[in-house]
Amino acid sequence: MRRVLCLVVLALAACRGEAPQDVASLEQTELEALVDSLMPAVAKATGLEFTATPRSVVRTRDEVRSFLLAKLEQELPPQRLEGIVTSYRLLGLIPDTLDIAKLFVDLYTEQVAGFYDPDSTTLYAVAGTDPTQLRLILAHELVHALQHQYLPLDSILKDTRSADRLAATQAVLEGQATLASFGALFPDRDFIGDEALWEQIREQLTTPRQGMEVFNRTPLALRASLIFPYLEGSEFVRWFRRTRASEQPFGPLMPTSTEQILYPDRFQRGDAPVPVAFAPGDTAGVLHEDTFGEFEIAVLRAVLAGIEQVVTDLPLGWAGDRLRVRTTPNGPALEWLTAWDEPRNAERFQSQIATKLVARAAQRPGYMASAVDTMISGKAGVRVLIRPKAE
């Protein structure tokens with residue numbers, strides 16, 4: 001759900017006040033000249049050289065919106081989307097009444113200025129975008145085009161085996177693009193070392209603003225996931241640049257979990273997730289299966305507590321997890337296996353999150369819920385089950 005939707009979030013860092021309206025046409029030659037003028041600064045900001053000039057194309061806002069919605073349908077086919085939405089609903093992260101398809105359309109309609117498409121290796125710009133916003137968007141998307149010249153972005157971003165690992169990968173890619181685009185346009189500012197400056201940017205990314213009403217009223221679970229790659233990804237890349245300035249966070253240095261993104265010391269010591277799996281062959285009625293991860297558990301904790309801020313000041317002690325949604329004659333059922341570094345981490349998850357989750361899930365008409373201690377992958381674990389009573 002994150003990858004395509006995150007295209008709309010970068011506009012938060014570029015616009016103030018009302019969303020920009022179509023103010024002038026953008027000619028193809030103007031776009032190409034703008035791309036050419038930005039490439040040297042982007043290359044310097046990333047420490048990578050372009051091997052070729054990226055293809056760039058001007059499209060109308062309606063054309064871009066239609067293209068992105070088609071991409072979304074391609075990347076999130078109906079069954080996968082149904083599985084994700086069902087898991088979010090059973091966990092109480094989104095209301096049952098939320099029309100996800102309409103929300104996606106509204107988000108795209110509200111704010112899309114440009115994007116890089118790895119499949120076609122093309123940089124798209126929306127005609128009529130405010131020039132100041134367009135420069136930042138293009139600088140950001142040029143970083144993605146440059147990353148693609150060194151990484152197989154198309155295949156990397158289509159790997160859906162682990163949503164948590166994919167979120168970590170996106171955080172690196174978007175974090176680098178965010179910092180490099182700022183650095184390319186404002187080379188006299190220290191976005192890596194100036195904490196006061198970075199706090200201003202954090203505030204811009206997290207504060208509700210005019211002209212983004214659809215985004216502002218989007219449920220916390222979705223808003224937080226959309227912002228995560230830009231905000232926490234940038235924090236990770238800032239740390240990486242300070243500690244490993246001569247290297248790129250690619251290949252074997254690519255983080256493998258959102259835990260590693262949030263807590264770089266765990267990345268540094270190679271604290272990788274343990275494999276968590278359901279019993280082999282037990283696939284009857286399975287609609288959806290995926291990882292959840294450290295960050296989304298922190299989001300769940302915030303939702304259960306009824307607060308609008310996701311707190312990630314201390315690690316949860318997450319070691320790995322796996323979530324599965326099944327269809328049953330009486331409604332969908334969810335099973336969630338979580339493994340923890342230490343028994344005390346599992347106990348804290350039980351008391352702070354699982355107990356509240358079970359109480360809320362049990363309020364769903366016709367449903368029951370439980371959370372029991374168990375051993376998972378040799379670790380202290382908790383098994384959460386939310387299912388119809390009549391199953």
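Everything numeric here is computed off the predicted structure, so don't read it as measured data. Keep in mind that the numbers below use all heavy atoms, side chains included, and drop hydrogens, waters and symmetry copies.
The residues R223 and E308 are annotated as salt-bridged, a charged nitrogen and a carboxylate oxygen being separated by less than 4.0 angstrom. The pair R202-E232 meets the salt-bridge criterion, since a charged nitrogen lies less than 4.0 angstrom from a carboxylate oxygen. By the 4.0 Å N-to-carboxylate-O rule, D164 lies too far from R322 to be salt-bridged with it. The residues K158 and D154 are annotated as not salt-bridged, no charged nitrogen and carboxylate oxygen being separated by less than 4.0 angstrom. A salt bridge links R80 with D290: the distance from a Lys NZ or Arg NE/NH1/NH2 to an Asp or Glu carboxylate oxygen falls below 4.0 Å. Checked for salt-bridge contact, D130 and R135 miss the test: no charged N lies under 4.0 Å from a carboxylate O. Residues R189 and D194 are not paired through a salt bridge, judged by the lack of any N-O separation under 4.0 Å between the basic side chain and the carboxylate. A salt bridge is absent between E247 and R241; no separation between the charged side-chain nitrogens and carboxylate oxygens falls under 4.0 Å.
Closest heavy-atom contact between A43 and L146: CA-CD2, 4.3 Å. What you find for Q149 and A52 is that their closest heavy atoms are NE2-O, 3.0 Å. Of all heavy-atom pairs between G175 and V237, the closest is C-CG2, 3.9 Å. Taking both residues in full, the closest heavy atoms of T291 and A163 are given as OG1-N, 3.2 Å, listed atom of the first, atom of the second, then distance.
The line from CD1 of I201 to OG1 of T178 is 9.0 Å long, rounded to the nearest 0.5 Å.
No side-chain heavy atom of Y263 sits less than 4.5 Å from a side-chain heavy atom of D271. Counting heavy atoms from C-beta outward, Q170 and L157 have side chains that approach closer than 4.5 Å.
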Table please: side-chain donor-acceptor pairs of residues 367-378 below 3.5 Å, with sequence neighbours left out.
from	atom 1	to	atom 2	distance (Å)
Y367	OH	P332	O	2.6
D373	OD1	Q350	NE2	3.1
S377	OG	P275	O	2.3

Could you give me the CA-CA distance, side-chain angles and deciding distance for H148 and H144, then say whether ring pair (Phe, Tyr, Trp, His ring centres under 6.0 Å) is met? CA-CA 6 Å; H148 198 186; H144 290 320; over 10 Å; no
Go through the steps for I261 and F228 under the test side-chain contact (heavy atoms from CB on, under 4.5 Å), then give the verdict. CA-CA 10 Å; I261 294 292; F228 173 81; 3.8 Å; yes
So Y88 and E296, side chain to side chain donor-acceptor pair (under 3.5 Å) or not? Walk me through it. CA-CA 11 Å; Y88 272 42; E296 288 205 291; 2.3 Å; yes
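In this structure, the side chain of S66 does not engage the main chain of V64 through any donor-acceptor pair within 3.5 Å.
Screening residues 94-105 for side-chain hydrogen bond (donor to acceptor under 3.5 Å, both in side chains), with sequence neighbours left out, gives D96-R364, K102-D106.
Cation-pi geometry between R324 and F278 is met: the NZ or CZ atom falls under 6.0 Å from the ring centre, inside 45° of the normal.
Between W198 and E235, the side chains place a donor N or O and an acceptor N or O closer than 3.5 Å (distance only, hydrogens not considered).
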